[in-house]
Amino acid sequence: MDNKIREVVGNFRIDGTLVSAEENAQGNINSTFLLTYETPKGSAKYLLQKINSNVFKEPYLVMRNIGLVSKHIKKKLTEMPESGYKTLSYVATVTDEPMYTHINEAGEKEYYRVYEYIDDCISYNNFEDSENPEEVAYNAGKCFGAFHMLLSDFPVSMLAETIPDFHNTPKRFDALLVAIENAITNRAFECSEEIIYLISKIKEYSAIYNKLGRTIPVRVTHNDTKLNNILMSTTTNKGVAVIDLDTVMPGSVLYDIGDGIRSACANSFEDETDPEKIFLKIDLAKAYIKGYLEEMACSLTYDEVRCIGLSIRVLTYELALRFLTDYINNDTYFKIKYKTHNKDRFMNQFLLLKDIEKKACEIDAYVEQLYKDVK
Ligand code: GN1
Ligand code: MG
């Protein structure tokens, strides 16, 4: 095992002897390792994460947000033990900090944190990994609905905006234009047809951002609601915990709903390249919306409800912009596994968007009817 990992984990309040550290390569941003310790009471697991400080410029603020939100959720969960929900708990360092700062050989700071491992759970990358996709989609919607509900009385102003303008669609679009202007390769030309389409849609897809703080309230939101950011019970398939709280910030629930459906209800992984396989499974999207509204319908404004369908398109559009921008910028943000990975991810989200646009009316009609029924 890496000596550096040993050295880093030695700074946390963990009992026992470290016996293994396995890398989990799923995230696109941070690096994660599953740690196993031997203790007199048996083996114990933890998650070690190196925070990507290129993305999270102020890791201490990230940990502060996470600490505040987790404490709030934990307190509320003690009043509802039957829910089965849990939340992330970090392990403090020996000096009682939420995070350990390591200075590497180049003299740069590296930030590490350790979470307690939540056992008997599974996180799905895509519904295809599960036996009952509709149940997974429904439970995913329910779990994020419950997450919003648990945080609905948390004072939004206490949270730092750890990545400013994270879901600011117009700014994401501007970033693409800047990337195109400054490009030193011909990567933008490879996607010129698609770029023309993206330009034609910016006005329509800025709608949620433009209404934020007006008819769409600012609430505590997760902002990265990929399906694999939910731990589900291995026995019941029900949501147990929402994880990856790095981007918990003030935002709109619509960002979370749209991103959740984009991720949980797509037929393929985000880097699938076969156009035939890239589409939204509408039945799964409906199941997700049902689960979500069962938890949150009473708390939403009518404008929020009306924009649920739109949010799926906006978040897919936005991620398409982000992957393409990173591709044109020569891959400085998302981790890539091969040279054209970001281009493939972009094309995937682009095709997914086109498919969701075709299904927009059906989704809107479903939301309208369901809202009447559950409210
Ligand atoms: C990143 O690393 P991961 O998978 O949790 C990204 C999300 C994207 C997602 C796309 C902080 O999330 O916004 O939707 O990749 N997180 C950040 O796969 O940028
Ligand atoms: Mg994340």
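Ligands are counted one by one from 1 in listed order, and the atoms in each one are counted from 1 as well.
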Where does [X] meet ligand 1, judged by heavy-atom distances below 4.0 Å: at the side chain, the backbone, both, or neither?
X	result
Arg345	neither
Asn223	neither
Asp246	neither

What do you reckon, does [X] have a nitrogen or oxygen under 3.5 Å from a nitrogen or oxygen of ligand 1?
X	result
Tyr333	yes
Thr247	no
Asp259	no
Ile29	yes

For the backbone of Lys171 and the side chain of Asn168, can you confirm whether one donor and one acceptor N or O come within less than 3.5 Å of each other?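 Yes, Asn168 side chain to Lys171 backbone: donor-acceptor pair under 3.5 Å.
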Atom pair [atom1] ([X]) and [atom2] ([Y]), whose distance is rounded to the nearest 0.5 Å:
X	Y	atom1	atom2	value
Leu280	Thr316	CG	OG1	8.0 Å
Ile328	Cys191	CD1	SG	6.5 Å
Ser43	Leu35	OG	CG	12.0 Å

| From the candidates Asn52, Val62, Asp224, the one that places a heavy atom nearest atom 5 (O) of ligand 1 |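 Going through Asn52, Val62, Asp224 one by one, Asp224 has the nearest heavy atom to atom 5 (O) of ligand 1.
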Suppose I only count heavy atoms of [X] and a 4.0 Å limit; which atoms of ligand 1 are within that range?
X	result
Asp244	5 (O)
Phe56	11 (C)
Gly27	2 (O)

Margin query: With side chain to side chain donor-acceptor pair (under 3.5 Å) as the test, pick out the partner of Glu270 among Arg345, Gln349, Arg262.
Written below: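 Result for side chain to side chain donor-acceptor pair (under 3.5 Å) with Glu270: Arg262.
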Q) Do Asn223 and Tyr255 meet the criterion of a side-chain donor-acceptor pair at a distance under 3.5 Å? A)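 Side chains of Asn223 and Tyr255: no pair found under 3.5 Å.
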query = Any side-chain donor-acceptor pair under 3.5 Å between Tyr111 and Gln49?
reply =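 Result is no, nothing qualifies.
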- Which pair of non-hydrogen atoms, one from His148 and one from Val220, has the smallest distance, and what is that distance?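 So the minimum-distance heavy-atom pair works out to CD2-O, 3.9 Å.
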Check whether any heavy atom of Arg322 sits under 4.0 Å from an atom of ligand 1.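 Yes.
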